[in-house]
Amino acid sequence: MIDTHSHIDMLENPDKSIKESIEAGVEHIILPSSSPDNFQNVIELSRSYDCISGALGVHPEDVLKFDNTVSKDIFNLIKQNDKIIAIGEIGLDYYWDKTNKEKQKDIFKCQLEIAKTLDFPVLIHDREAHLDTYEILKSFEMKKVIMHCFSGSVDFAKECIKEGWYLGIGGVVTFKNAKKMKEVVKDIPLENIVLETDAPYLAPHPFRGEENSPVYLKFIAKEIANIKDTTFDCVDKITTQNAKRFFNLK
């Protein structure tokens, strides 16, 4: 299994969690930044473990921390660290604050420019901003995209996979009231799905409300297998192949 989105630097005990996750069958973990404040955490952890690769980017909630200096820092840090393999977590979030939509769009576009220049994949945060997110990604002709913590409808999912994008499916799919997410997983081919935990957030059932960890990735894979009436091994194999192809992991 590969956890394609896990903020393990935010865990209470990252080293313990990483060790337990490896023992639980997690082969690789992608660690995205959310702010310039944790760029170094991402770099240090990715350097410390063969099983961790990093992504650098500024989350839409922290767009006020993005400027030309941060943009240059992302370029320079990537050049200095071959364990940084993607741009993320970037995107749009209209859930908490609708007053800075244009600022969010501008910073999103700036970071997509970085990804295009570097030919890097992107990890996309999209919360209540489906149309704007989709149209901006299309305008940049982005091909290597993971729609992290996918929260859209089946129809929106189908539009995304038409573009060759992957859907990141996490702990929400295990929640009893997650009807829309279960419908998406049922209708979308495994070939368009990757696993993620979004640790320390959104722990799957029966750990909902606790600190999440990559060690719980197997519960997400098992629920996907149940929904699609297939085996855990099948979900593990196909989603791992998807992640390796997406991130060019050996």
Begin from the C-alpha positions of Ile84 and Ile74 and carry the test side-chain contact (heavy atoms from CB on, under 4.5 Å) through to its verdict. CA-CA 10 Å; Ile84 305 301; Ile74 292 173; over 6 Å; no
Working note: Ile85 + Asn248, criterion side-chain contact (heavy atoms from CB on, under 4.5 Å); need CA distance, chi angles, decisive distance, verdict. CA-CA 9 Å; Ile85 61 174; Asn248 196 28; over 6 Å; no
Hey, which of Phe246, Tyr134, Phe156 is the one that makes ring pair (Phe, Tyr, Trp, His ring centres under 6.0 Å) with Trp165? Tyr134
Check whether [X] reaches the backbone of [Y] with its side chain - one donor and one acceptor, N or O, closer than 3.5 Å.
X: Thr174; Y: Gly171; answer: yes
X: Glu163; Y: Lys138; answer: no
X: His7; Y: Asp198; answer: no
X: Asp3; Y: Ile29; answer: no
X: Ser17; Y: Asn13; answer: no
X: Gln111; Y: Gly57; answer: no
X: Lys83; Y: Leu45; answer: no
X: Asn81; Y: Leu77; answer: yes
X: Asn38; Y: Ser35; answer: yes

Is the closest side-chain heavy-atom distance between [X] and [Y] below 4.5 Å?
X: Ile78; Y: Ile87; answer: yes
X: Asp9; Y: Leu31; answer: yes
X: Ile114; Y: Ser71; answer: yes
X: Gln241; Y: Lys237; answer: yes
X: Cys149; Y: Glu196; answer: yes
X: Ile107; Y: Pro60; answer: no
X: Phe108; Y: Leu112; answer: yes

Can you tell me if [atom1] on [X] sees more than 12 non-hydrogen neighbours from other groups inside 6.0 Å?
X: Lys116; atom1: NZ; result: yes
X: Asp229; atom1: CG; result: no
X: Glu141; atom1: CD; result: no
X: Gln80; atom1: CD; result: yes
X: Asp50; atom1: CG; result: no

Run the salt-bridge test on Glu102 and Lys105 with the 4.0 Å N-O cut-off and return the result as yes or no. yes
Restricting to non-hydrogen atoms, name the atom on [X] and the atom on [Y] that form the minimum distance, rounded to 0.1 Å.
X: Ala86; Y: Phe247; answer: CB-CE2, 4.1 Å
X: Ile124; Y: Val122; answer: CD1-CG2, 3.8 Å
X: Pro214; Y: Val26; answer: O-CG2, 3.4 Å
X: Lys144; Y: Arg245; answer: NZ-O, 3.7 Å
X: Tyr95; Y: Asp93; answer: N-OD1, 2.9 Å
X: Ile161; Y: Pro189; answer: CD1-CD, 4.1 Å

Could you state whether [X] and [Y] fall into the same hydrophobic cluster, counting links through intermediate Ile, Leu, Val, Met, Phe, Trp or Tyr residues with side-chain heavy atoms under 4.5 angstrom apart?
X: Val145; Y: Val194; result: no
X: Met10; Y: Leu123; result: no
X: Met1; Y: Ile238; result: yes
X: Met181; Y: Tyr166; result: no
X: Leu217; Y: Phe150; result: yes

Working to the nearest 0.5 angstrom, can you tell me the gap between [X] [atom1] and [Y] [atom2]?
X: Ile90; Y: Ser34; atom1: CD1; atom2: OG; value: 13.0 Å
X: Asp155; Y: Cys160; atom1: CG; atom2: SG; value: 11.0 Å
X: His125; Y: Glu61; atom1: NE2; atom2: CD; value: 6.0 Å
X: Leu202; Y: Arg208; atom1: CG; atom2: CZ; value: 8.5 Å
X: Phe39; Y: Asp73; atom1: CZ; atom2: CG; value: 7.0 Å
X: Glu27; Y: Ser21; atom1: CD; atom2: OG; value: 13.0 Å

Criterion salt bridge (Lys or Arg N to Asp or Glu O under 4.0 Å) on Lys162 and Glu159, from CA distance to verdict: CA-CA 5 Å; Lys162 282 181 184 177; Glu159 291 303 312; 3.2 Å; yes
Of Lys228, His205, Lys182, the one forming a side chain to side chain donor-acceptor pair (under 3.5 Å) with Glu223 is Lys182
Consider side chain to side chain donor-acceptor pair (under 3.5 Å). Of Asp126, Thr133, Asp132, which one does His130 pass it with? Asp126
Among Asp236, Thr239, Leu195, the one residue meeting side chain to side chain contact (heavy atoms under 4.5 Å, CB included) with Ile224: Leu195
Tell me, with the steps shown, if Ile146 and His5 meet side-chain contact (heavy atoms from CB on, under 4.5 Å). CA-CA 10 Å; Ile146 290 178; His5 198 110; over 6 Å; no
Taking the six-membered ring of Phe75 (Phe, Tyr or Trp), confirm whether the NZ or CZ of Lys72 is under 6.0 Å from its centre and within 45° of its axis. no
Within 45° of the ring axis of Tyr94 and under 6.0 Å from its six-membered ring centre, is that where the NZ or CZ of Lys101 lies? yes
Output, in order, the C-alpha distance, side-chain angles, deciding distance and verdict of side-chain contact (heavy atoms from CB on, under 4.5 Å) for Cys234 and Leu190. CA-CA 9 Å; Cys234 178; Leu190 274 174; 4.0 Å; yes
Would you tell me whether Thr197 and Asn212 have side-chain atoms, one donor and one acceptor, within less than 3.5 Å of each other? no
